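Here is the structure we will look at.
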Amino acid sequence: MKTILANVVPEETRLAIVSDDDGELEMVEYERGSTAHLVGNIYRGKVQNVLPGMQAAFVDIGEEKNAFLYIGDGLPYGEGEARQLSHAKIHIGQVLPVQIVKDAVGTKGPRATMHISLPGRLLVLMPTAAYIGLSRRISDEAERERLHSIARRICPEGMGLIIRTAATGASEQELQADVSSQLRIWEGILARFKLKGRKKGALLFRDADLLIRSVRDQLTEDVSAMVVDDHSAYLRVKELAEALVPELAGRVKYYEGKRPLFQEYQVERELEKLGARQVELKSGGFLVIDKTEALTVIDVNTGSFVGRSSLADTVYQLNLEAATEIMKQIRLRDIGGIIIVDFIDMDSEEQKENLLQNMRELTAKDRTKMSIVDITSLGLVEITRKKSRTNLETLIYTDCPVCQGRGRVESPETVSIRISRDIRRLEKKCHAVDGYDIEVHDSVADELGANQLLMDLAAEFAFDLKVIARPDFHPESYTIVRTSLEDN
């Protein structure tokens with residue numbers, strides 16, 4: 001069983017899921033009014049540019065950046081194996097209904113598709129794709145066959161359905177009611193799309209906010225309680241739960257404790273760790289997580305862990321522990337794209353396969369599609385994970401104003417050498433009889449005072465050098481000012 005925690009303030013909503021068994025944080029998600037979450041929204045887009053060489057188009061959706069539309073996401077489902085971009089299909093000026101499937105990241109705009117999906121509590125309606133699918137988490141074969149049979153009967157002609165995990169045990173009447181609800185939403189979207197005079201980029205449908213999605217997607221039989229710390233939000237969640245899942249509405253609770261909700265459940269402490277580059281393991285080992293825009297690298301280190309038996313067993317046990325923590329960190333930080341894990345080398349093929357199998361089993365805890373590819377010839381494990389919304393790191397953090405996101409600054413010795421180089425350049429133009437005043441950060445001032453660099457420069461050019469320590473300076477910044485303008 002698990003507990004859903006909702007911390008709500010006007011500026012931000014935070015949602016966390018913790019295990020009832022050990023209090024472990026299983027999932028966390030943020031939503032802010034200042035951050036544009038576009039995933040799930042449907043727009044009346046206008047094609048601004050078509051790129052045949054990239055099999056893509058850019059679509060104006062009325063946001064700051066145009067949406068990127070792959071041609072494979074713009075053709076009817078299943079049409080054309082080659083999927084060649086054709087101006088008869090998509091052309092400049094064309095107006096299209098598009099849905100956002102990935103938020104803008106950095107300099108890249110959002111990604112759009114014409115394969116619309118409308119999620120309900122029990123199923124997802126796909127009005128533009130004739131396809132029936134079932135959640136991979138429904139493992140019982142008899143139940144899968146029952147649900148698939150119902151889906152075939154209730155699926156609207158020319159449309160598709162995906163049966164969600166929450167549909168397990170649901171009756172045909174309940175599923176049909178969900179289909180009818182989503183059909184009404186789709187008909188409303190089409191009506192707004194066809195209205196004459198609507199401007200390009202008009203929003204046709206806005207996906208539910210975080211609280212609503214949590215009731216729709218997360219409030220299931222394995223949830224012992226959903227605790228909300230804002231009274232108006234609690235009433236909203238309670239009302240929605242009574243409409244969608246009346247049998248679970250009693251599990252929605254209003255938190256009235258004196259301590260902040262996330263502190264009471266020890267979630268705040270866990271959240272503080274999610275920005276760290278180094279993650280400690282209980283055994284004494286640790287992980288190092290480094291991220292680029294397209295690739296995340298995770299390195300496993302033994303640290304102080306020495307094991308109790310053979311080296312091979314020590315390495316294997318540490319790798320297993322690391323794998324569990326890695327899958328947790330990927331899920332909590334919402335890391336997407338390509339992930340490379342450098343485990344400690346193992347010689348046993350059986351241990352390697354067991355490690356991979358363990359990681360594949362752990363993917364079941366993640367609601368986002370993830371694939372454990374394999375171990376490469378260099379002993380690296382390849383993982384791919386779908387990216388959609390802005391992840392936790394991007395939402396909470398910004399580049400350091402000191403290091404500009406590099407994670408490091410030049411050493412005081414390096415800055416000292418740059419100063420000497422600049423002074424020599426200035427001396428080639430005009431000799432400063434009375435020398436220079438040099439303003440530097442405290443750390444560089446200490447370095448200049450400890451080495452011979454200034455003394456050597458003073459002796460070389462026969463002038464005085466004065467160092468002024470400025471704690472308010474950037475560690476890499478400095479100024480060099482002539483003490484006198486008189487020339488030699």
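Every value quoted in this text rests on a predicted model; they were computed, and no experiment measured them.
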Treating [X] as the side-chain partner and [Y] as the backbone partner, does any N or O pair qualify as donor plus acceptor under 3.5 Å?
{"X": "Arg121", "Y": "Val215", "value": "yes"}
{"X": "Ser149", "Y": "Glu145", "value": "no"}
{"X": "Lys238", "Y": "Ala249", "value": "yes"}
{"X": "Glu321", "Y": "Lys282", "value": "yes"}
{"X": "Gln182", "Y": "Pro119", "value": "yes"}
{"X": "Ser224", "Y": "Lys2", "value": "yes"}
{"X": "Thr128", "Y": "Ile116", "value": "yes"}
{"X": "Lys369", "Y": "Asp366", "value": "no"}
{"X": "Arg213", "Y": "Ala208", "value": "yes"}
{"X": "Asp178", "Y": "Leu122", "value": "yes"}

Residue list, salt bridge (Lys or Arg N to Asp or Glu O under 4.0 Å) with [X], at least two apart or on another chain:
{"X": "Arg236", "value": "Asp209"}
{"X": "Glu24", "value": "Lys328"}
{"X": "Arg251", "value": "Glu221"}

What are the two closest non-hydrogen atoms of [X] and [Y], and how far apart are they?
{"X": "Pro475", "Y": "Val402", "value": "CD-CG1, 3.8 Å"}
{"X": "Glu447", "Y": "Ser416", "value": "CG-OG, 3.4 Å"}
{"X": "Leu161", "Y": "Ala151", "value": "CD1-O, 3.8 Å"}
{"X": "Ala225", "Y": "Lys253", "value": "CB-CG, 4.4 Å"}
{"X": "Ile100", "Y": "Ala67", "value": "CD1-CB, 4.2 Å"}

Any side-chain donor-acceptor pair under 3.5 Å between [X] and [Y]?
{"X": "Asn41", "Y": "Asp207", "result": "no"}
{"X": "Gln329", "Y": "Glu325", "result": "yes"}
{"X": "Thr113", "Y": "Gln99", "result": "no"}
{"X": "Asp230", "Y": "Tyr254", "result": "no"}
{"X": "His148", "Y": "Arg152", "result": "yes"}

Under a 4.0 Å N-O cut-off, is there an ion pair linking [X] with [Y]?
{"X": "Arg331", "Y": "Glu26", "value": "no"}
{"X": "Arg164", "Y": "Asp217", "value": "yes"}
{"X": "Arg418", "Y": "Glu410", "value": "yes"}
{"X": "Glu272", "Y": "Arg269", "value": "no"}
{"X": "Asp334", "Y": "Arg385", "value": "yes"}
{"X": "Glu353", "Y": "Arg360", "value": "yes"}

How many angstroms lie between [atom1] in [X] and [atom2] in [Y], if you round to the nearest 0.5 Å?
{"X": "Tyr265", "Y": "Ile17", "atom1": "OH", "atom2": "CD1", "value": "13.5 Å"}
{"X": "Arg136", "Y": "Arg144", "atom1": "CZ", "atom2": "CZ", "value": "11.0 Å"}
{"X": "Asn319", "Y": "Asn354", "atom1": "CG", "atom2": "CG", "value": "12.0 Å"}
{"X": "Ile417", "Y": "Leu453", "atom1": "CD1", "atom2": "CG", "value": "7.0 Å"}
{"X": "Ile162", "Y": "Ser135", "atom1": "CD1", "atom2": "OG", "value": "9.5 Å"}
{"X": "Leu210", "Y": "Thr13", "atom1": "CG", "atom2": "OG1", "value": "6.0 Å"}

**OP:** Indicate the ring-plane relationship of His231 and Tyr234, choosing parallel, tilted or perpendicular according to the 30° and 60° boundaries.
**Re:** tilted

Original post:
Going through the distances and angles, do Arg146 and Glu141 end up as a salt bridge (Lys or Arg N to Asp or Glu O under 4.0 Å)?
Top reply: CA-CA 9 Å; Arg146 184 186 76 88; Glu141 286 302 323; over 6 Å; no

Would you call [X] and [Y] a side-chain contact if the rule is heavy atoms closer than 4.5 Å?
{"X": "Ile372", "Y": "Thr363", "value": "yes"}
{"X": "Ser283", "Y": "Leu318", "value": "yes"}
{"X": "Ile61", "Y": "Pro110", "value": "yes"}
{"X": "Leu118", "Y": "Ile42", "value": "yes"}
{"X": "Phe205", "Y": "Ile185", "value": "yes"}
{"X": "Ile212", "Y": "Leu240", "value": "yes"}
{"X": "Cys155", "Y": "Ile132", "value": "yes"}
{"X": "Ile330", "Y": "Met370", "value": "yes"}

Original post:
Do Phe473 and Tyr478 have ring centres separated by under 6.0 Å?
Top reply: no

Do other residues, nucleotides or ligands put more than 12 heavy atoms under 6.0 Å from [X] [atom1]?
{"X": "Ile338", "atom1": "CD1", "value": "no"}
{"X": "Arg137", "atom1": "CZ", "value": "yes"}
{"X": "Glu413", "atom1": "CD", "value": "no"}
{"X": "Lys65", "atom1": "NZ", "value": "yes"}
{"X": "Glu239", "atom1": "CD", "value": "no"}

**OP:** Kindly write out the residues that satisfy side-chain contact (heavy atoms from CB on, under 4.5 Å) with Asn301, not counting sequence neighbours, or none if the list is empty.
**Re:** Phe286, Val288, Asp299

**OP:** Apply side-chain contact (heavy atoms from CB on, under 4.5 Å) to Leu362 and list each qualifying residue two or more places apart in sequence or on a separate chain.
**Re:** Thr324, Met327, Asn358

Original post:
Which is it for Asp446 and Ser443 under the side chain to side chain donor-acceptor pair (under 3.5 Å) test, yes or no, and what are the steps along the way?
Top reply: CA-CA 5 Å; Asp446 292 341; Ser443 61; over 6 Å; no

**OP:** Before giving the answer on side-chain contact (heavy atoms from CB on, under 4.5 Å), spell out for Val101 and Val39 the whole-Å C-alpha distance, their side-chain angles and the decisive distance to 0.1 Å.
**Re:** CA-CA 5 Å; Val101 294; Val39 172; 5.8 Å; no

Please table the atom pairs, donor to acceptor, closer than 3.5 Å between any side-chain atom in residues 340-350 and protein atoms at least two apart or in another chain.
unit_1	atom_1	unit_2	atom_2	d
Ser348	OG	Glu350	N	3.3
Ser348	OG	Gln351	N	3.2

**OP:** Give the C-alpha distance, both sets of side-chain angles, the deciding distance and a yes or no for side-chain contact (heavy atoms from CB on, under 4.5 Å) between Thr3 and Met226.
**Re:** CA-CA 6 Å; Thr3 298; Met226 180 172 181; over 6 Å; no

